[in-house]
Amino acid sequence: MPNMEPQAIDIKVFQTILLTWFKEHGRWFPWRESGLSSYQLLIAEILLQRTKAATVDKIFTHFFNVYPNWKVIASAKLEEIENTLKPIGLHKQRAERLQKLAQKMNLNDSVLLSSRAELDAIPFIGQYIGNAVELLIQGKNKPLLDVNMARVLERYFGHRKLKDLRYDKYLQALAHDIVDHPDSISLNWAILDFAALVCQSRVPKCSTCVLQQTCTYYLTVVEIKNFRNE
DNA sequence: AACCCGGGGCA
DNA sequence: TGCCCAGGGTT
C-alpha cells in the first residue's frame, strides 16, 4: 500500500527521527549562516540549481566578495560574471539570468521578495525558488522540494503518480505536510542532507539508516532482496 | 504532462 | 561514458 495517504503519526515519526539525525550529521554551508541578506539567500538558491552543494561551496565566499549587492552585479560586465561562475557550471545561463534579475531587483527588491505572485512573474524564478524565498526570507513553512527531497519522501511514503514532481499533487501535499513544523527550515535541511548522505540515488545506505524500520522502500525492496540473498 | 536544456563531478 | 546534482522553460 505504498500510495496510501500517510497518517499524521507517520509524518510525526519521520520528522522526529530526521531532526534528531540532523543534529548529529547535518552539513554546514555558508549560505545556512544566520544574518545573510535576502540578496545572498536568493543568489545562493540560483547557484544551487542543478549543482551540488559542495560545488557551490567552492566559490560562494568569493562570489559575494566580488558581487556584494544587486547594484554591483547589475552593472558588471556579463563576461566577468560568467568567469566567476565558470567553476560551478551552467555559467553562461546563470550569468545572464543573474544580471537580468539584478537589474530588476535593484529597483525594488523588498517588494518583489515579499510577494509570491510578484516572484512567479519573474522569468527563471520557478516553483522551487519561490518556495525557497517563502521559507528562508518570508519565514513560512514551505518545502525545498527538489529531486532529492522527492526521492526520500517517495522511498519512505510511496511513489508519485506524475513524472514531473512540480505537478504531482500527492508529492506536493506530502512535502508541505512534512515541513509544516515549528522548525521548518531545519527540517528542510535535514531532508536534503539525509538525501545527500544516506538516502542516495544510486546506492542508498539502508543498512545503517535511522528510518529503516518504518521505510516503505526498505521494507518492500531491501528486505526482500536480503531474504532471497541477492 | 512530457521533453529539452546545460556543465561540472564522479564511479 | 552515463548518471547525478537545492530546476526552469517550452511544447
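Numbered from 1 within each chain, the chains take letters A, B, ... in sequence-line order. Please read all numbers here as calculations on a predicted model, not as lab measurements. Reckoned from all heavy atoms, side chains included, excluding hydrogens, waters and symmetry mates.
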Whole-Å distance between [N] [atom2] and [X] [atom1]?
X        : N      : atom1 : atom2 : value
Glu82(A) : dG8(B) : CD    : P     : 12 Å
Leu90(A) : dG6(B) : CG    : P     : 9 Å
Lys86(A) : dG6(B) : NZ    : C1'   : 14 Å
Arg94(A) : dG6(B) : CZ    : C1'   : 9 Å
His91(A) : dC5(B) : NE2   : P     : 18 Å

Return each pair, listed once, that meets ring pair (Phe, Tyr, Trp, His ring centres under 6.0 Å) where at least one residue sits in residues 186-210 of chain A; pairs must be two or more places apart or across chains.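 Applying ring pair (Phe, Tyr, Trp, His ring centres under 6.0 Å) to every pair that reaches into residues 186-210 of chain A, excluding sequence neighbours, yields Trp21(A)-Phe194(A).
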For Gln172(A), does its backbone N or O pair with a side-chain atom of Arg166(A) as donor and acceptor, under 3.5 Å?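 A pair under 3.5 Å: no.
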Taking dA6(C) as the reference, what is the distance to dC4(B) when you measure between their P atoms (whole Å, please)? 24 Å
Just to be sure I understand the geometry, which residues of residues 102-112 of chain A put a non-hydrogen atom under 4.0 Å away from DNA chain C?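 The answer is none.
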Would Tyr218(A) and Tyr156(A) count as a close aromatic pair, with their ring centres under 6.0 Å? no
Determine, for nucleotides 1-11 of chain C in 5'-to-3' order, which nucleotides have protein heavy atoms under 4.0 Å from the base (write B), from only the sugar-phosphate (write S), or from neither (write -). --BSBBBBB--
Which residues share a ring-ring contact (aromatic ring centres under 6.0 Å, His included) with [X], sequence neighbours left out:
X        : value
His62(A) : none
Phe60(A) : Trp31(A), Phe64(A)
Trp70(A) : Tyr39(A)

Presence of Lys163(A) side-chain N/O under 4.0 Å of dC3(B) phosphate oxygens OP1/OP2: yes
Between Glu96(A) and Lys100(A), is there a side-chain N and carboxylate O pair less than 4.0 Å apart?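 Counted as a salt bridge, because a side-chain N and a carboxylate O are separated by less than 4.0 Å.
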So, Arg50(A) and Asp146(A), do they make that salt bridge, N to O below 4.0 Å? no
